[in-house]
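What follows is a set of notes on a single structure, which appears directly below.
Atoms within a ligand are numbered from 1 in the order they appear, just like the ligands themselves.
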Amino acid sequence: MKNPNDYLFKYCPQCGGKSLVISDEKSFLCSSCNFKFYLNTAAAGIALIFNKKGELLVTKRRYDPAKGMLDFPGGFTDPGETIEACLIREIKEELNLKITSLKYFCSVPNTYVYKTVTYSIIDFAFLCSVDDFDTIKASDDVSDFYFMELTNLDINRFGLDSPKIVIDRLREGPISITN
Ligand SMILES: [Zn+2]
């Protein structure tokens, strides 16, 4: 795999020399002081939330990348955080909903371009239960939300690749949230 940021990082964070060269697809080596700089894969959570009618909760992205396109709620883990805690936090921040249980569904490798840096991501999708939808409100990096039937979802309206793969997996069904 090619390093997707080969044109970006030139200066060594340790010695300051313009001596950083690509080591492999995720690391850079300083040819002057031997410092090694890693751009490791980041973890993110995707929340799959069905309402009582069996419709799936879909969000609209407020910011780039893929601003205005559809997505699933979720986001990047903070340092020291579990994926489960990340999803509980993100779904509270983005939609003011309280997750009551989570069940692992699948993981999808992804790349995410933010302000010219290409990040390698691993997305963890969880089936999440929410008992009370009355408090729902779009905020943070979500501009709107919709409940949609899985069969009616148009994957071309999703801006990033991993939701499309997750939708394919969901359609392979059957889905059970019970632990
Ligand atoms: Zn150096």
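Transitive grouping of hydrophobic side chains (ILVMFWY, heavy atoms separated by less than 4.5 Å) keeps L29 and F9 in distinct clusters. There is a path of hydrophobic side-chain contacts, each under 4.5 Å, that joins F145 to F133.
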Distance-only donor-acceptor hits, side chain of residues 47-61, under 3.5 Å, sequence neighbours excluded:
residue: N51; atom: OD1; partner: K53; partner atom: N; Å: 3.0
residue: N51; atom: OD1; partner: G54; partner atom: N; Å: 3.1
residue: N51; atom: OD1; partner: E55; partner atom: N; Å: 2.8
residue: N51; atom: ND2; partner: E55; partner atom: OE1; Å: 2.8
residue: K52; atom: NZ; partner: D131; partner atom: O; Å: 3.4
residue: T59; atom: OG1; partner: D71; partner atom: O; Å: 3.1
residue: R61; atom: NE; partner: P65; partner atom: O; Å: 2.6
residue: R61; atom: NH1; partner: D71; partner atom: OD2; Å: 2.5
residue: R61; atom: NH2; partner: P65; partner atom: O; Å: 3.0
residue: R61; atom: NH2; partner: Y112; partner atom: OH; Å: 3.2

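The set of protein atoms (N, O or S) found at less than 2.8 Å from the Zn ion (ligand 1) reads C12 SG, C15 SG, C30 SG, C33 SG, by chain and number.
For the residue pair S19 and S32, no side-chain donor N or O sits within less than 3.5 Å of a side-chain acceptor on the partner. Of the N and O atoms on the side chains of N110 and D161, not one donor lies less than 3.5 Å from an acceptor on the other residue.
Ring pair F158/F72 is tilted by interplanar angle, where 30° to 60° counts as tilted.
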